[in-house]
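Structure, as structure tokens:
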Amino acid sequence: MPKFPKIALTAAIVGLSAPSAVAAQHAPIATESTAPSPAYADYADLVVAAPVIVDATVRSTVRLKPTDSAGLPPSMARLYVEADVSALIRGTDAMPARLGYTLDVPLDAHGRAPQYRKSRVLLFARAVPDQVGQIQLIRPDAQRGWSAAGDALTRRIVRETLAPDAPPTVTGIANAFHTPGDLPVRGKRKSSCRRRTTARFR
């Protein structure tokens, strides 16, 4: 078995999604004419969480042994992927021409993993400390098939996120309370309550 960087031999993706959700993201990459329009909210979540966003083309994939895929159910496999960088969409440091990362994928009915070689993808990731050329996807579906619409939307959200006047990110609810009362509805009074929530920002 080839020697892989240390990142390939650990659970590089934090928090496995339900197999059905992951399977939907790792279906064969659609052509530009058949790809559905990207969802703003979904891409916004990826962009906000990813300090590194890369437009790349998959060069090779190697399926890791079960001993190197701890925590995966039998219906999934872990791949070590190498991809050639076409463009760095977001990131503060220079990227090498080739990146490596692990990707958890669903297996088909015959136990085969999806084929990604030569596929153009968008990667939403973070750099791996002290391992040049290695990245870690921010979540299981953070490799997306490239499309002009997805690329344009990603770049738009990056600009919005990094704009000087961008609103702060909501990180949680600091406190909340409600006051019992009635709300008038066309001459009648409808039992309800008034609520107030305070958010936490960064």
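Note that these values count all heavy atoms, side chains included, but never hydrogens, waters or copies made by symmetry.
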(request) Applying side-chain contact (heavy atoms from CB on, under 4.5 Å), name anything that partners Val47, two or more places apart in sequence or on another chain. (result) Ile53, Arg90, Phe124, Thr154, Ile157, Val158, Thr161
(request) Mark yes or no for whether Ser69, through its side chain, and Leu72, through its backbone, hold a donor-acceptor pair below 3.5 Å. (result) no
(request) Would you please name every residue forming a salt bridge (Lys or Arg N to Asp or Glu O under 4.0 Å) with Arg159, sequence neighbours left out? (result) none
(request) Would you please name every residue forming a side-chain contact (heavy atoms from CB on, under 4.5 Å) with Ala127, sequence neighbours left out? (result) none
(request) Could I get the full list of side-chain contact (heavy atoms from CB on, under 4.5 Å) partners for Asp45, not counting sequence neighbours? (result) Arg139
(request) Return the minimal non-hydrogen interatomic distance between Pro51 and Ala125, and the atom names on each side. (result) CD-O, 3.2 Å
(message) Within the 4.5 Å heavy-atom criterion, are Leu122 and Val54 side-chain neighbours or not?
(response) no
(request) Treat each ILVMFWY residue as a node, draw an edge where side-chain heavy atoms are under 4.5 Å apart, and state whether Ile89 and Tyr40 are in one component. (result) yes
(request) Step by step, work out the side-chain contact (heavy atoms from CB on, under 4.5 Å) result for Val52 and Met95. (result) CA-CA 9 Å; Val52 175; Met95 280 284 121; 4.2 Å; yes
(message) I need the minimum non-hydrogen distance between Thr102 and Leu137, along with the two atoms involved.
(response) O-CD1, 3.9 Å
(message) Could you measure the distance from the CZ atom of Arg126 to the CD1 atom of Ile138? Nearest 0.5 Å is fine.
(response) 6.5 Å
(request) Hey, could you give me each pair passing side chain to side chain donor-acceptor pair (under 3.5 Å) that has a residue in residues 48-60? Not counting sequence neighbours. (result) Asp55-Arg120, Arg59-Asp84
(message) For a quick test of reading the model, state the closest non-hydrogen atom pair linking Pro114 to Val105 and the distance between them.
(response) CD-CG2, 3.6 Å
(request) Report yes or no: do Tyr101 and Gln143 form a side-chain donor-acceptor pair below 3.5 Å? (result) yes
(message) Checking Leu107 now: which residues fulfil side-chain contact (heavy atoms from CB on, under 4.5 Å) with it, not counting sequence neighbours?
(response) Arg63, Ala77, Ala113
